[in-house]
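Step one of this worksheet: look at the structure below.
Note that the coordinates shown come from a computational prediction; the quantities given were computed from them, not determined experimentally. In what follows, chains carry the letters A, B, and so on, assigned in the order in which the sequence lines appear, proteins first and then strands, with residues in each chain numbered from 1.
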Number of protein chains: 2
Amino acid sequence: MQVTIKDIAKKAGVSYATVSRALNGRSGVKEETKELILEVAKKMGYQPNAIARGLVLKHTHTLALVIPDITNPFFPEIARGAEDAASLLGYSIFLCNTNWDTDKEKLYLKTLQEKRVDGIILHPAHNDGETHLYDFQIPMILLNKIPGIAEYSSIEIDNVRGGFIATKHLIEAGYKKIAFIGGTESSPSNAERKEGYKLALKKYNIPIDESLIINGKFKSESGYESLKKLIDSGNTPDAVFGGNDVIALGVLHCAQEHGLRIPEDFGIIGFDDIPYASLPQIQLTTIEQPKYQMGKRAIELLVRVLKAEEDSEVIRMILEPKLKIRKTTRNVSRKLDK
Amino acid sequence: MQVTIKDIAKKAGVSYATVSRALNGRSGVKEETKELILEVAKKMGYQPNAIARGLVLKHTHTLALVIPDITNPFFPEIARGAEDAASLLGYSIFLCNTNWDTDKEKLYLKTLQEKRVDGIILHPAHNDGETHLYDFQIPMILLNKIPGIAEYSSIEIDNVRGGFIATKHLIEAGYKKIAFIGGTESSPSNAERKEGYKLALKKYNIPIDESLIINGKFKSESGYESLKKLIDSGNTPDAVFGGNDVIALGVLHCAQEHGLRIPEDFGIIGFDDIPYASLPQIQLTTIEQPKYQMGKRAIELLVRVLKAEEDSEVIRMILEPKLKIRKTTRNVSRKLDK
DNA sequence: TCATTGTTTGAAAACGATTACAATATATAT
DNA sequence: ATATATATTGTAATCGTTTTCAAACAATGA
């Protein structure tokens, strides 16, 4: 049925050890024999069996990408970056959606261990209670750090800085009453972005008004509701920094419904730069996360630790967030022109 | 290093055949011994080696999803549907992006063969020149049929019907001059949607005006340009059926820029129902493809043929497109109310 | 010609599981 | 107690590779 190395050996009249050597380009095979073997292999349609090879070599050239949900617009680009890098380096990738469920995450990690993947890149479902990560056998790098688990390398972006830049942009564009509408309070990235927000206000000597800081969920509806509450209570801000783009989109929707003129009287900035944000009909100003790069770098880092003989040290790679000015905030330079 | 079945056998004082039997719940092991073995295995932290198992069993419980580009908003839901179904059935999934490149597709198919995946679900990069699919060894099911390759089962949607429904909706909403702005002319799905468009016009005795049928690319810019040309040449339609949502979005953008009142004076319908379409700021009327279902069904079908002993026959599963009326077309029922 | 060296090759063990078959232990019937 | 059937266990082959070690061969120099 399946053509094996032995079949080739028989037909070529050599031992299968020689065939293996020839096929893998090992030295110590006469050029002549090698050519013969290669030809026979081709003629017979030989397909090496990676399973058998994996068994003896103890690696599979397979990696896994474990993320919450590929359907979330934040992840496809990461996945793409990861896959491009992996395929370039000769690795295949398992895609695993945890659906933000720690139990499913555990389960996946278990199967991945059984399937002997060489390494894993994981975006944890939650940032707490990830105790199952402690005694983990397989090299792993984290997207988003988990506070308290120091043993894994990670790729992160500087959320504090991102929050700072976002708020600074709003201030420089002349907005005065700037609200922060965030996601889950327990999420570290949310906390960090908020910290950046406060930092910027402080730097420009703007008092921090806690009534303008709202925690909700990383959902569009949450952004919508939060702004609505602010407006209904007569506490309408003239700009908001959304904890992520999805929230900002909800905010935008609400603002539009209330007839606020954007960006003239009301500015909105998000975070992530998901594909939606750049749609001509949306044009959301936001902080870009280098998503493709995150995926790519994560794989490259992972492969580097795989190749390293000794236990490599823990590395934290911090990527820079970048301001993308579009149409939901006043353009600073235009303002300066006046 | 790694705990094997032999280690367990030694510690439990039995042969490793018995261990294997106990671990796999095979009959013919005394309850007592079985419990002992299970306990020892647990205590030693045994992780079965799927590679070794795969070698003898000749299956890997691994599938692959080969698609053009996970970054394209059409695919994440398919991927999610596929993965959910697969994980429920005990399979893992390789994610492979061909980037619309037949060579890369070929290469992936080769590695997947070497890695001995049990089956593949493939959305071909192109619908022609896929000759490498002919002598393929591994069970495969196609997303989108390839004309002329009859040997594979496939999951499709009825594009002709989708095109028909879309156009019918436009007609019933009272639009008179309906253009079709399509994607790549060579793409079968495009041709089929166009056919549905013509069918609907015929049914309502509307003459087909070839100047209102435009072929371009499946890109937003293409939709934008195509409508612009129509407008510039004084041939402005009062509605357009876009070959897919991305095109329709480009059309929408152009229409908005030209101050056309949507949906009062100008109607737009797309195809696919990508996530963008339902954004509150967009609200594009469209034809929904059951993307999640497509992924799910594809996996289920694939697994069914894997489990079937005999060569199962070729199955074509045709899914139904569904009209999603949103805000870029007049609502039919409202019109009827008058 | 013979020892010495370097190249090619082959035999066999190993990777970690499953399973057919044989062997042993236990239970049942006479 | 003996023969027979049944339940439990062990031995060894197998899956398709890679690789160590030793054997065979060819080439070189004395």
### Message
Quick check on side chain to side chain contact (heavy atoms under 4.5 Å, CB included): which of B/Leu306, B/Val303, B/Asp84, B/Leu63 does B/Leu89 satisfy it with?
### Response
B/Val303

Calculate the interatomic distance between [X] atom [atom1] and [N] atom [atom2]; express it in whole Å.
X	N	atom1	atom2	result
B/Ile51	C/dG16	CD1	P	12 Å
A/Lys30	C/dT8	NZ	P	8 Å
B/Lys6	D/dG10	NZ	P	15 Å
A/Asn49	D/dG16	CG	P	7 Å
B/Ile37	C/dA17	CD1	C1'	15 Å
A/Arg116	C/dA17	CZ	P	7 Å
B/Lys10	D/dT9	NZ	P	20 Å
B/Ile5	D/dG10	CD1	P	13 Å

Please determine whether a side-chain nitrogen or oxygen atom of [X] lies at a distance below 4.0 Å from atom OP1 or OP2 of [N].
X	N	value
A/Lys58	D/dT18	no
A/Arg26	D/dT19	yes
A/Thr33	C/dT9	yes
B/Ser20	C/dA17	no

From C-beta outward on [X], which listed nucleotide comes closest to its side chain: [options]?
X	options	value
B/Arg53	D/dT8, C/dT18, C/dT9	C/dT18
A/Tyr46	D/dT17, C/dT18, C/dG16	D/dT17
A/Val56	C/dT9, C/dT18, D/dG16	D/dG16

### Message
Closest-nucleotide mapping onto DNA chain D: is B/Glu31 or B/Leu57 further toward the 5' terminus? I mean the 5' end.
### Response
B/Glu31

### Query
If you find the nucleotide of DNA chain D closest to A/Asn24 and the one closest to B/Val29, which residue's nucleotide is nearer the 5' end?
B/Val29

Polar side-chain atom of [X] near backbone of [Y] as donor-acceptor pair, under 3.5 Å:
X	Y	result
A/Ser154	A/Leu142	no
A/Asn99	A/Asp101	no
A/Lys291	A/Asp272	yes

### Message
One thing to verify: whether A/Lys43 and A/Glu39 come together as a salt bridge, which I'm taking to mean a side-chain N less than 4.0 angstrom from a carboxylate O.
### Response
yes

### Query
Does A/Glu114 pair with A/Lys110 as a salt bridge, N-O distance under 4.0 Å?
yes

### Task
Test B/Asp69 against A/Arg80 for salt bridge (Lys or Arg N to Asp or Glu O under 4.0 Å), laying out the working first.
CA-CA 8 Å; B/Asp69 183 9; A/Arg80 188 64 208 274; 2.9 Å; yes

### Query
For DNA chain D, which residues in residues 11-19 of chain A have a heavy atom at a distance below 4.0 Å?
A/Tyr16, A/Ala17

### Task
Using a 4.0 Å heavy-atom cut-off, write out nucleotides 21-28 of chain C from 5' to 3' as B (base contacted by protein), S (sugar-phosphate only) or - (no contact).
--------

### Query
Under 30°, 30 to 60°, or over 60°: which ring-plane class applies to B/His123 and B/Trp100, parallel, tilted or perpendicular?
perpendicular

### Task
Mind telling me whether B/His61 and B/Tyr91 have parallel, tilted or perpendicular rings, with 30° and 60° as the class edges?
parallel

### Query
Which atom pair, heavy atoms only, marks the closest approach of B/Asn72 to B/Pro76?
O-CD, 3.1 Å

